[in-house]
2 protein chains.
Amino acid sequence: MSVPEAPARVPPPARVGDPLSAVDTPALAVELGAFERNLARMAQEAADAAVRLRPHAKTHKCSAIARLQVAAGAVGLCCQKVGEAETLVAGGIGDVLVTNEIVRPSKLARLAALAHRARIGLCIDAEDPATAASDAAVAAGVTLGVLVEIDVGQGRCGAAPGAEAVALAARVSALPGLRLDGLQAYHGAAQHFRTARERNDAIARAAEMTRETADALAAAGLPCPVIGGAGTGTYPIEATTRLWTEIQPGSYVFMDADYAANETEAPYEHALFVLAGIISRREGHGVVDAGLKALSGESGLPLLWGVEGGRLTGLSDEHATLSLPAEVPALGETVRLIPSHCDPTVNLHDWIVAFRDGPGGAHVEAVWPIDARGAVF
Amino acid sequence: MSVPEAPARVPPPARVGDPLSAVDTPALAVELGAFERNLARMAQEAADAAVRLRPHAKTHKCSAIARLQVAAGAVGLCCQKVGEAETLVAGGIGDVLVTNEIVRPSKLARLAALAHRARIGLCIDAEDPATAASDAAVAAGVTLGVLVEIDVGQGRCGAAPGAEAVALAARVSALPGLRLDGLQAYHGAAQHFRTARERNDAIARAAEMTRETADALAAAGLPCPVIGGAGTGTYPIEATTRLWTEIQPGSYVFMDADYAANETEAPYEHALFVLAGIISRREGHGVVDAGLKALSGESGLPLLWGVEGGRLTGLSDEHATLSLPAEVPALGETVRLIPSHCDPTVNLHDWIVAFRDGPGGAHVEAVWPIDARGAVF
């Protein structure tokens with residue numbers, strides 16, 4: 001009745017000190033200059049707006065990066081899965097919010113067990129999961145923080161704002177083992193609305209629903225110290241409302257081609273690349289060794305970085321085809337691709353190679369395990 | 001200068017004997033009845049057509065499945081990456097062909113090292129990689145089999161059919177450590193052409209180029225015992241030409257929604273599912289815990305299996321939204337999703353849960369590690 005031993009993960013594609021050209025391909029890589037500027041910029045913006053910064057670990061799935069975010073001033077991390085929370089707590093993060101609905105008792109028991117070692121919260125949008133979370137917390141002898149999630153326009157999870165959310169909050173506050181912390185009000189789709197006006201309008205409507213619900217909680221005598229939400233595409237709007245107390249951006253550390261297509265108000269730099277090796281070459285045409293197993297494809301083609309006149313022309317399981325008008329890059333050389341969508345691209349890789357561009361050429365400074373890769377459970 | 005220890009892979013989502021409802025979600029799962037019929041059907045078709053069957057491991061990345069394919073009559077496996085070849089050889093497969101261009105000397109050295117333990121081949125489409133492969137084989141004291149890849153319409157890798165391919169084959173046959181085995185003539189794009197006529201036309205043109213090249217090799221006195229190619233979407237066409245000697249289908253073991261959209265001549269059954277748990281539910285609407293990190297999204301939405309009137313309406317990083325007209329499935333229950341594209345979906349997961357539908361309900365019979373998951377290098 002047993003299951004075979006888990007095989008080892010794939011080996012790291014680089015060693016510290018390697019020149020970037022020696023990194024085995026394909027490999028996920030982050031340029032540390034841009035990455036560090038992105039970290040500092042978001043920390044400063046949160047401080048200026050007097051909101052707490054709780055970066056989203058679903059983007060990087062890497063406890064080494066989570067620790068750098070906390071060192072830069074984040075109050076803790078958020079994530080989407082219990083498996084990610086387990087990785088973050090094992091990696092030394094002391095405050096983790098699962099910004100998602102967790103309903104299966106076995107998952108709630110794992111989450112409650114973590115609360116012996118860290119401050120743990122989750123989102124709830126219905127009464128049965130509230131009861132199940134309470135049961136798990138009581139069984140473990142812990143308290144779980146709860147944000148009642150409201151649907152502010154995403155049309156995905158979330159109780160209806162107003163009376164339904166208030167009734168659920170009252171239920172949560174009455175259940176043992178749960179601590180009502182407030183509301184989760186996140187509009188995921190709005191992050192990718194292309195124009196500033198669309199994003200402003202969507203968040204203005206979300207703010208209206210959130211404010212009504214917060215006011216109704218106050219009128220019912222229910223606490224609401226935390227209102228969480230906001231991603232990389234909209235956080236400057238939420239931050240100016242003085243309504244959200246915690247912002248949860250993830251993609252700002254890396255950025256991607258999809259976010260770059262937004263009319264962006266708070267520019268962050270592309271820091272994330274997939275390094276790919278040219279395995280076939282003829283005049284005007286090249287093929288690299290990175291396809292859909294190294295770069296997620298649902299948001300369109302990745303961008304080719306730093307090759308004048310060059311661009312991707314196709315992406316299949318294990319290859320990308322390139323239009324390459326000049327003689328360089330040549331067969332065997334490495335090119336950098338900017339992922340079209342950072343979160344699912346990172347989840348394809350077991351390692352992230354941290355390098356720094358500089359006058360002496362790009363060199364590897366660290367190789368971080370993506371320790372929550374595959375932690376979808 | 002060191003790199004941290006690799007963290008463990010995620011734990012298996014099920015135990016042998018579990019009912020399917022107890023499998024933790026999301027999880028990749030294969031229904032063994034359909035899977036075994038697919039294995040047997042392809043083995044029979046290859047035997048009937050008198051072509052050798054060399055299934056493609058890029059689909060399943062799982063040495064347990066590779067061993068079942070060999071047990072069902074396959075002559076060996078093919079794969080796309082040296083890391084996959086290493087996994088297959090470690091898993092007991094004695095004959096592995098890398099149907100791809102390998103040009104980096106460090107990769108060629110790893111491939112040559114495998115040839116001490118198994119019969120190893122690769123594809124070559126240019127002179128410099130031929131020299132590099134020869135150097136690696138000589139250094140390791142082994143012989144590598146070589147198929148000269150020709151571009152028969154895919155527009156990706158491959159030498160030009162005819163004179164260019166013959167010159168390259170002559171070079172390969174003259175280099176120490178290399179054994180010229182013949183030609184690789186694969187038209188990947190044709191697999192997904194929707195109509196039988198489009199697929200027939202594409203493979204007819206591919207056959208013409210392949211025959212010309214094979215005739216030219218014979219005229220030059222160069223051996224060509226193997227002509228490889230053909231996938232799940234077109235292999236009945238290649239098989240009837242009496243030209244291809246080895247077919248390399250991968251997806252037939254699992255199938256997916258994309259292949260199902262073809263006018264199919266040789267029907268295989270959907271055997272692959274992602275099991276997903278419903279985490280939020282209201283009238284007509286549901287949300288499951290499987291998104292782009294459990295199901296690749298570049299080929300459109302997955303299909304919802306076995307829920308009358310139900311369908312997917314969206315797929316985001318960690319969620320899929322469903323239209324669910326009836327009261328069942330309810331909150332907390334598990335549904336089956338049919339991936340839109342099997343290869344990149346499998347590569348997201350570390351385990352595949354093998355279960356069997358039957359009168360006593362579905363139960364888990366095995367849990368296989370996807371041991372080449374992430375082996376893109």
Side-chain angles (χ1 to χ4, degrees), chain A residues 1-4 6-13 15-17 24-26 58 80-81 83 100-104 106 125-126 128-129 155-158 188 277 279-281 287 290 292-294 296-298 316-319 321 331-332 343-344 347-350 367-369 371 374-377, chain B residues 1-4 6-13 15-17 24-26 58 80-81 83 100-104 106 125-126 128-129 155-158 188 277 279-281 287 290 292-294 296-298 316-319 321 331-332 343-344 347-350 367-369 371 374-377:
Chain A
M1 306 293 273
S2 70
V3 160
R9 291 198 189 211
V10 298
R15 290 171 306 181
V16 173
D24 199 15
T25 57
K58 82 185 182 71
Q80 294 287 65
K81 297 296 181 122
N100 202 359
E101 277 57 33
I102 307 296
V103 307
R104 186 184 276 257
S106 61
D125 75 352
D128 286 352
R156 200 166 60 189
C157 299
I279 61 168
S280 186
R281 187 76 162 93
V287 184
L292 291 164
K293 295 175 188 171
S296 76
E298 79 291 337
S316 53
D317 285 358
E318 302 283 4
H319 303 92
T321 49
L331 182 71
D343 294 26
N347 184 57
L348 294 168
H349 295 268
D350 287 289
V367 182
W368 294 322
D371 38 7
V376 287
F377 58 102
Chain B
M1 304 296 273
S2 71
V3 160
R9 291 198 189 213
V10 299
R15 289 170 307 181
V16 174
D24 199 14
T25 57
K58 81 185 185 76
Q80 294 286 67
K81 297 296 181 122
N100 202 359
E101 277 57 32
I102 308 296
V103 306
R104 186 186 276 258
S106 60
D125 74 353
D128 285 351
R156 201 165 60 187
C157 300
I279 61 167
S280 186
R281 186 76 161 95
V287 184
L292 291 165
K293 295 174 190 171
S296 76
E298 80 290 338
S316 51
D317 286 356
E318 302 283 4
H319 303 91
T321 49
L331 183 71
D343 294 25
N347 183 55
L348 295 169
H349 296 267
D350 288 288
V367 182
W368 294 322
D371 39 6
V376 287
F377 57 101

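Lettering follows sequence order; numbering is per chain, from 1.
Proximity to chain B (any heavy atom under 4.5 Å) is restricted, for A/D125, to the side chain, taken from C-beta onward. Both the backbone and the side chain of A/V376 come within less than 4.5 Å of a heavy atom in chain B. Both the backbone and the side chain of A/K58 come within contact range of chain B, each with at least one heavy atom under 4.5 Å from a heavy atom of that chain. For A/P26, the parts lying near chain B are the backbone and the side chain together; criterion is any non-hydrogen pair under 4.5 Å. Heavy-atom distances place the side chain of A/R104, and not its backbone, under 4.5 Å from chain B. With a 4.5 angstrom heavy-atom cutoff, B/T25 touches chain A via backbone and side-chain atoms both. Contact of B/P344 with chain A is made through backbone and side chain together, with heavy-atom distances under 4.5 Å.
Interface remark: of the candidates B/T321, B/N100, B/D371, B/N100 forms the most heavy-atom pairs closer than 4.5 Å to chain A. Ranked by heavy-atom pairs under 4.5 Å with chain B, the list A/Q80, A/E101, A/H319 is led by A/H319. Note on A/A126, A/G155, A/P129: by heavy-atom pairs under 4.5 Å with chain B, the leading option is A/G155.
The two residues A/A8 and B/R9 come nearest to each other via the heavy atoms O-NH2, 3.1 Å. Minimum heavy-atom separation, A/P7 to B/P369: CD-CB, 3.5 Å. For the residue pair A/V287 and B/C157, the shortest heavy atom distance occurs at CG1-SG, 3.8 Å.
To the nearest 0.5 angstrom, B/D317 atom CG is 7.5 Å from A/E298 atom CD. Once rounded to the nearest 0.5 Å, the distance linking CG of A/D128 with CG of B/L331 reads 6.5 Å.
Scanning for side-chain hydrogen bond (donor to acceptor under 3.5 Å, both in side chains) contacts around A/K293 gives A/E318, with sequence neighbours left out.
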